Amino acid sequence: MKKYIKINAIIFLLVVSFFNLKAQEQITINIQEKGEDFEPYWSKCVGAGRANEALRAGWLEQLEVVQENCGFEYVRFHGLFHDDMFPVFEGRNGKIIYNWQYIDDVFDRMLDLKVKPFVELGFFPKLLAAENSKTVFKWWKANVTPKEESFTMFHDLVKAFTQHCVDRYGIDEVLTWYFEVWNEPNLYPHFWDGTKSQYFELYKQSAIAVKSIDKRLRVGGPSTSNFVPDTRFDGELTNNEVSEAVFNSDDINGLEWHGVWIEDFLKFCNKENLPVDFVTTHPYPTDYAFNPETGKGRGLTRFVQSTKLDLEWLNRIIKNSPYPNAEIHLTEWNTSPSSRDKMHDLLPAAAYIVKTNLDCIGLTNSLAFWTFTDIFEEKGGAASIFHGGFGMINFQGLVKPSYHAYRMLNQLGNEKLYKDDYLFISKDSGNGKVKALAYNYPKEAENAAPAGYKSYEYLSKGTSKELNFTLTNLKPGTQFKIEVLDKDHGNIHSYWESMGKPEPPTREQIKVMKRVASNLKTNIVSTGKNGELSFKQEIAPWSVILIEQIN
């Protein structure tokens with residue numbers, strides 16, 4: 001089959017593929033027709049490691065890059081009340097003294113960059129935690145064990161903090177924020193060394209504290225971990241003994257997966273007459289979110305549609321709950337919940353990001369990628385510049401394919417003109433410009449999200465796909481920019497391998513690598529006198545293509 005785009009008399013060669021093609025029937029799109037409005041939720045929120053990391057120049061520089069190019073409106077991170085932010089001091093006679101200087105510095109700089117905080121209320125400062133509290137995170141050790149007084153003290157801390165935010169930034173600004181209570185409390189004893197009921201009490205005290213400042217402020221939870229197919233989280237404490245069935249299943253995608261604590265949380269809040277302005281959870285397409293690197297958890301990667309199924313389940317639960325109007329915010333999400341998963345650095349992650357986000361339109365208010373940066377220290381620093389970190393930008397500022405995926409998604413308009421399994425065509429209702437994304441998540445790989453335990457060579461195999469569509473009713477001479485993200489363009493890990501994997505690269509090497517990481521295959525095409533533009537092009541496995549009207 002010829003590989004060309006025919007634009008009047010112009011033959012435009014784009015991509016040569018060495019795989020068999022999956023043919024696509026000719027599609028014709030009248031760009032003057034009204035499209036279906038949708039919320040581009042992928043630019044709503046993104047994650048980061050912990051608050052203290054936001055005090056670093058590199059973190060702030062990378063945040064500026066992703067805000068400008070990926071459009072993120074909010075950032076969520078752990079450790080707002082960690083001792084390294086110095087939020088609490090004990091004064092004379094045991095009096096609590098609050099200190100907001102470090103938090104103010106972070107929030108001030110974020111707001112200057114046009115990014116709002118998606119406030120995660122946690123963890124315990126030492127003064128609020130139990131004596132010899134358990135800690136989570138190998139490097140920065142967050143306190144997670146409550147004592148009897150913790151709930152009242154946390155209420156007071158949250159109330160004072162919220163009042164300070166309103167005093168400093170104004171109620172109109174803070175009304176646009178979100179206040180989320182804790183992080184993954186179901187993962188006992190890792191993120192919460194207590195019972196389910198104790199977390200519910202913590203939520204109660206936090207919600208009352210936030211709303212006492214202004215009832216219009218938004219609060220939510222329970223911020224639980226990824227979905228499960230068993231009853232391990234049904235009781236007050238985690239019972240891993242009942243989870244063995246998932247390892248004995250021949251087809252984990254055939255199991256009934258469900259959210260954790262969410263139904264009990266909504267029932268509790270209704271019984272206690274508590275507000276729930278939004279519901280949060282973390283639908284990673286895996287099992288065993290806290291420790292996926294162990295032999296026990298390895299291999300439990302669900303199929304590519306799992307996030308969509310999880311969101312459909314969550315929508316049903318919320319619709320039939322006492323809080324049918326609660327927003328849905330998925331405050332963590334990635335191909336896996338491991339900060340040492342090599343797939344986070346590789347090309348397949350980009351196709352997965354694009355496919356999942358486009359497939360889940362209308363099902364959520366945000367799906368926060370975890371994280372925008374590899375300046376991230378839950379396990380401390382890493383020995384390699386590419387170590388499978390969550391970030392879409394590595395420590396040295398090299399953008400990964402996942403960054404390009406979000407940059408491309410951010411270019412889309414807000415009206416859907418067409419969608420199929422690998423093509424999405426949109427229009428900007430403001431200026432009428434057409435923006436399209438095409439991608440190839442190979443059919444052969446749909447039984448699992450991209451995971452680091454599979455070889456890159458295995459994942460690189462698959463069937464190519466073919467674009468074959470025409471845009472009509474364009475003005476003659478309308479130009480489109482075509483950007484191709486593939487194994488040879490924008491795939492910095494591959495280039496680094498070809499360099500011999502320098503550890504670390506020299507300053508000059510990093511300058512070159514930054515240019516290579518940002519350099520996609522780019523061409524400009526134009527319509528002819530008839531106002532039509534036809535695209536006919538192969539998409540190699542895992543590649544992503546942005547087609548963007550520029551005049």
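Computed from a predicted structure; not experimentally measured. Any value given below was found using the heavy atoms of this structure, including those in side chains, with hydrogens, waters and symmetry copies removed.
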I'd like to check [X] versus [Y] (side-chain heavy atoms, cut-off strictly below 4.5 Å). Are they in contact?
X    : Y    : result
I385 : P505 : yes
Q67  : L113 : no
N183 : R76  : yes
E483 : R407 : yes
V484 : H489 : no
F424 : L412 : yes
Q549 : D428 : no
I482 : F535 : yes

What is the distance from atom [atom1] of [X] to atom [atom2] of [Y], rounded to the nearest 0.5 Å?
X    : Y    : atom1 : atom2 : result
F369 : W42  : CZ    : CH2   : 15.5 Å
Y352 : L346 : OH    : CG    : 15.5 Å
E184 : H190 : CD    : NE2   : 10.5 Å
L330 : S223 : CG    : OG    : 10.5 Å
F303 : L309 : CZ    : CG    : 4.5 Å
K141 : K126 : NZ    : NZ    : 13.0 Å

Regarding D374 and H344, is there a side-chain donor-to-acceptor distance under 3.5 Å anywhere?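 H344 and D374 do not have a side-chain donor-acceptor pair below 3.5 Å.
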
Can you tell me if N186 and T224 form a side-chain donor-acceptor pair at under 3.5 Å?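 Side chains of N186 and T224: no pair found under 3.5 Å.
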
Against W177, only a single residue in Y169, Y74, F118 fulfils ring-ring contact (aromatic ring centres under 6.0 Å, His included); can you say which?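 That would be Y169; it is the only one of Y169, Y74, F118 passing the ring-ring contact (aromatic ring centres under 6.0 Å, His included) with W177.
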
Which residue is it: F123, F161, W182, F124? I am looking for the one with a ring-ring contact (aromatic ring centres under 6.0 Å, His included) to F81.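 By the ring-ring contact (aromatic ring centres under 6.0 Å, His included) criterion, F81 pairs with just one of F123, F161, W182, F124: F161.
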
Keeping [X] on the side-chain end and [Y] on the backbone end, is there a donor-acceptor pair under 3.5 Å?
X    : Y    : result
S426 : G413 : yes
E327 : F278 : no
Y284 : T307 : no
N440 : T463 : yes
T364 : I328 : yes
K435 : Q411 : yes
S543 : I539 : no
H329 : E180 : no
Y441 : D421 : no
N394 : G397 : yes

With R50 as reference, evaluate E377, E120, E378, H82 under the side chain to side chain donor-acceptor pair (under 3.5 Å) test and give the passing residue.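 With R50 as partner, E377, E120, E378, H82 yield a single side chain to side chain donor-acceptor pair (under 3.5 Å), made by E377.
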
Ring centroid separation for [X] and [Y], is it under 6.0 angstrom?
X    : Y    : value
F372 : W59  : yes
H78  : W370 : yes
F191 : F137 : yes
Y406 : F72  : yes

So, for [X] and [Y], which heavy atoms are closest and what is the spacing to 0.1 Å?
X    : Y    : value
D341 : S336 : OD2-OG, 2.7 Å
A449 : P285 : CB-CG, 3.8 Å
P541 : P442 : CB-CG, 3.7 Å
V75  : A48  : CG1-CB, 4.0 Å
V106 : A51  : CG2-O, 3.8 Å
V399 : S518 : CG2-OG, 3.9 Å

Side-chain ion pair, [X] and [Y], N-O less than 4.0 Å:
X    : Y    : answer
D486 : K521 : no
K114 : E68  : no
E446 : K443 : yes

Within 6.0 angstrom of [X] [atom1], more than 12 heavy atoms from elsewhere:
X    : atom1 : result
E503 : CD    : yes
F395 : CZ    : no
K433 : NZ    : yes

Begin from the C-alpha positions of D84 and Y102 and carry the test side-chain hydrogen bond (donor to acceptor under 3.5 Å, both in side chains) through to its verdict. CA-CA 9 Å; D84 64 9; Y102 284 64; over 6 Å; no

For Q396 and M513: C-alpha separation, side-chain torsions, deciding distance, then whether side-chain contact (heavy atoms from CB on, under 4.5 Å) applies. CA-CA 10 Å; Q396 286 75 18; M513 292 173 74; over 6 Å; no

Show the numbers, then the answer: is there a side-chain contact (heavy atoms from CB on, under 4.5 Å) between L358 and Y439? CA-CA 11 Å; L358 293 177; Y439 57 92; 3.7 Å; yes

Between I524 and I550, is the side-chain contact (heavy atoms from CB on, under 4.5 Å) condition met? List the steps. CA-CA 9 Å; I524 304 293; I550 58 176; 3.9 Å; yes

Aromatic ring pairing F376/F390, orientation class (parallel under 30°, perpendicular over 60°, tilted between):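 Perpendicular: the ring planes of F376 and F390 meet at over 60°.
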
When you measure from the centre of the six-membered ring of W257, is the NZ or CZ of R302 closer than 6.0 Å and no more than 45° off the axis?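 Checked: cation-pi criterion met.
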
Does L187 form a side-chain contact (heavy atoms from CB on, under 4.5 Å) with T238? I'd like the steps, not just the answer. CA-CA 7 Å; L187 292 181; T238 306; 5.9 Å; no

